Amino acid sequence: MTTAVAEFDDLKARRNAIVLAVAQGLFASAVVALVATAGLVGVVLAPSRAWATLPVSTFVLGTMFATIPLALLMGRIGRKPAFLLGAGVGVVASLLSAYAIYGSDFVLFSASTALYGVCQASTGYFRFAAADTASPGFRPKAVSWVLTGGVAAALFGTLIVMQTTNLLSPFTFAGCYVASAVLSALGIVALSFLDLPQPREKDLGYARPLSEIIRQPRLVVAVVCAMVAYGVMNLVMTATPIAMIDCGFAVNDSSWVIQWHVLAMFVPSFFTGALIIRIGVEKIIAIGLVILLAAGIVALLGTGFGNFGIALILLGLGWNFAFIGGTTMLTECYRPSERSKVQAVNDFIVFATVAAASLASGRLLSDLGWSAVNYALFPMAALALLLLFFQSVRLREKRRPT
């Protein structure tokens, strides 16, 4: 490849990363609104408080079950049309959520959040779309750039919740979901500016069997680290708004905590890619996992506003390092012809874990309390750290001269 062609490819990759970051910000704002309010809607509509977080869980389950079909669809029609389809589903799902609140229909509300999971699954491939068109040197930054869109979500998603909670009073939170429909519609506009190639994977070279690909120790560690980072983050975040209400805080208090949490999730994306290039992906993942453990410790030290706030900030920062690191490591483990099936398997496993975590979150909080939610993160993060340590030792031994 000539220098001129390489420069052109990275210019296109940068432009696509910016477009995807804008779209990410719009869709993530809708997700922030969902996460901040779905559990509270569940408290009102669910037959039991133990089921209050079910709408968050169905959202994650919808994401999980859509990952593989969407990956296959992208292989057939390309990423851009699939992204636009996912955005359209997001508009419909948001309007259904508002209608379910209007009708006090817990089942329909849970089903509508599951449908929004299809939209979330499509946005989950934004980071891979950015990486696919980037040179190896720009790839970690491309992934990070896309996730910077979450900064806008942290700033505007929470403000949207605050401004629209009683917009359609007496149907509390219905206005939040109407606003989410508008955000998803704007996401369609943003995605129309994407310039993505549509290669046929059979023309990209030989693809190894999936059974051979997943036997790579490095790939296994990448998937486990991303899985744990997302699962632990969702476990604690899902329970936080309800736990804060139980501790006497107002809805706006929990919204501010979620806002700072989401900021911590995405603001580091401005430099996480550069850090990966500078000090290595394994170290970044390890730092992220240690920060997740620190979040659990802070949460266990008390139930004051500061404890909730600092714990959720650390939770977001740890997620950023561990998840971006895991994604970057994963992209090093497959060939272009293998990307659809590997990305699909990775995201299916990640969101299966997130679904289990969100389901467990409501049960743990209801039956055993806030402390139990935080104790549960320690074995998961410790397991990922252990696997990462053995992978690093193995890598050093492999590089050692004989």
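This is a predicted model, so every value here is computed, not measured. Excluded from the calculations below are hydrogen atoms, water molecules and symmetry mates; all remaining heavy atoms, backbone and side chain alike, are included.
- Asn374 places no side-chain N or O within 3.5 Å of a backbone atom of Leu300 that could act as its donor or acceptor partner.
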Self-check item: Step-by-step side-chain hydrogen bond (donor to acceptor under 3.5 Å, both in side chains) determination, Ser180 to Tyr116
Solution: CA-CA 10 Å; Ser180 294; Tyr116 199 87; over 6 Å; no
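- With sequence neighbours excluded, the residues forming a side chain to side chain contact (heavy atoms under 4.5 Å, CB included) with Leu275 are Phe271, Ile284, Phe321, listed by chain and number.
- Rounding to the nearest 0.5 Å places CG of Leu168 at 9.0 Å from SG of Cys176.
- Residues meeting the side chain to side chain donor-acceptor pair (under 3.5 Å) test with Thr67, sequence neighbours left out: none.
- Closest approach of Ala98 and Val178 over heavy atoms only: CB-CG2, 3.9 Å.
- No donor-acceptor pair under 3.5 Å is formed between the side chain of Ser254 and the backbone N or O of Pro241.
- Ring to ring, Phe83 and Phe126 are close: their centroids are under 6.0 angstrom apart.
- By the 6.0 Å contact criterion, OH on Tyr375 is open, its count of non-hydrogen atoms from other residues, nucleotides or ligands being 12 or less.
- Across every non-hydrogen atom of Leu70 and Ala121, the tightest pair is CD1-CB, 3.6 Å.
- Counting only residues at least two apart or on different chains, the side chain to side chain donor-acceptor pair (under 3.5 Å) pairs with a member in residues 34-47 are Thr37-Tyr177.
- With sequence neighbours left out, Arg215 forms a side chain to side chain donor-acceptor pair (under 3.5 Å) with no residue at all.
- Residues satisfying the side chain to side chain contact (heavy atoms under 4.5 Å, CB included) criterion with Ala100, sequence neighbours excluded, are Leu108, Phe109.
- Looking at Met380 and Leu383, their side chains never come closer than 4.5 Å, going by heavy atoms from C-beta outward.
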Exercise. Please test Leu377 against Leu293 for side chain to side chain contact (heavy atoms under 4.5 Å, CB included), starting from the C-alpha separation and ending with a verdict.
Key: CA-CA 7 Å; Leu377 72 82; Leu293 291 171; 4.2 Å; yes
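- Residues passing the side chain to side chain contact (heavy atoms under 4.5 Å, CB included) test with Ile18, sequence neighbours excluded: Trp145.
- Put simply, CD1 on Ile276 and CD1 on Ile279 are 9.0 Å apart, with the number rounded to the nearest 0.5 Å.
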Practice problem: Report the C-alpha separation of Leu330 and Val223 in whole Å, then their side-chain angles, then the decisive distance to 0.1 Å, and conclude whether the side chain to side chain contact (heavy atoms under 4.5 Å, CB included) test is met. | Solution: CA-CA 7 Å; Leu330 183 78; Val223 173; 3.9 Å; yes
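- Contact of the Asp105 side chain with the Leu45 side chain is not registered, since no non-hydrogen atoms from C-beta on lie closer than 4.5 Å.
- In terms of the side chain to side chain contact (heavy atoms under 4.5 Å, CB included) criterion, residue partners of Leu368 (sequence neighbours excluded) are, by chain and number, Leu364, Ala372.
- In this structure, OG1 on Thr123 lies 9.5 Å from CG on Leu191, to the nearest 0.5 angstrom.
- In this structure, Ile77 and Leu73 have side chains that are in contact, with non-hydrogen atoms separated by less than 4.5 Å.
- Counting heavy atoms from C-beta on, the side chains of Leu40 and Val44 never come closer than 4.5 Å.
- Formation of a donor-acceptor pair under 3.5 Å by the Lys80 side chain with backbone atoms of Ser192 is found in this model.
- Between Ser29 and Leu183, the shortest heavy-atom contact is CB-CD1, 3.7 Å.
- Applying the side chain to side chain donor-acceptor pair (under 3.5 Å) test to residues at least two apart or on different chains, the pairs with a partner in residues 219-241 are Asn234-Thr238.
- Side chains of Phe266 and Trp319 form a contact here, defined as non-hydrogen atoms less than 4.5 Å apart.
- A side chain to side chain contact (heavy atoms under 4.5 Å, CB included) with Met237 is found for one member of Val257, Ile258, Val232 and no other, namely Ile258.
- At distances below 3.5 Å, not a single donor-acceptor pair connects side-chain atoms of Ser361 with backbone N or O atoms of Ala357.
- Nearest heavy atoms, Ser110 versus Leu54: OG-CD2, 4.0 Å.
- The side chain to side chain donor-acceptor pair (under 3.5 Å) pairs that include a residue from residues 271-281 are Thr272-Asn320, where partners are two or more places apart or lie in different chains.
- Within the 4.5 Å cutoff, the side chain of Phe193 has no heavy atoms near those of the Val22 side chain.
- Rounded to the nearest 0.5 Å, atoms SG (Cys225) and CG (Leu289) are 5.5 Å apart.
- The side chain to side chain donor-acceptor pair (under 3.5 Å) analysis of residues 83-103, with sequence neighbours excluded, yields the pairs Ser97-Ser112.
- For Ile285 against Met329, the heavy-atom pair with the smallest separation is CD1-CE, 3.7 Å.
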Practice problem: Test side chain to side chain contact (heavy atoms under 4.5 Å, CB included) on Phe323 and Val228 and set out the steps. | Solution: CA-CA 9 Å; Phe323 186 67; Val228 166; over 6 Å; no
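- A search for ring pair (Phe, Tyr, Trp, His ring centres under 6.0 Å) contacts involving Trp260 returns nothing, not counting sequence neighbours.
- Sorted by first and then second residue, the salt bridge (charged side-chain N to carboxylate O under 4.0 Å, His left out) pairs with a member in residues 236-247 read Arg49-Asp246; sequence neighbours excluded.
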Practice problem: Could you go through the side chain to side chain contact (heavy atoms under 4.5 Å, CB included) check for Leu314 and Leu292 one step at a time? | Solution: CA-CA 6 Å; Leu314 291 173; Leu292 289 173; over 6 Å; no
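- Heavy-atom contacts from other residues, nucleotides or ligands closer than 6.0 Å to CD of Gln163 number 12 or fewer.
- Rounding to the nearest 0.5 angstrom, the gap separating the CD atom in Gln120 from the CZ atom in Phe27 is 10.0 Å.
- Ring pair Phe308/Trp370 is tilted by interplanar angle, where 30° to 60° counts as tilted.
- The shortest side-chain heavy-atom distance between Leu317 and Ile313 does not fall under the 4.5 Å cut-off.
- Once rounded to the nearest 0.5 Å, the distance linking CG of Leu235 with CG of Leu315 reads 9.0 Å.
- The two residues Ala344 and Tyr125 make their nearest non-hydrogen contact at CA-OH, 3.4 Å.
- Within the 4.5 Å cutoff, the side chain of Leu312 has no heavy atoms near those of the Met233 side chain.
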Quiz prompt | Criterion side-chain hydrogen bond (donor to acceptor under 3.5 Å, both in side chains) on Thr113 and Thr58, from CA distance to verdict | solution = CA-CA 6 Å; Thr113 61; Thr58 53; 2.7 Å; yes
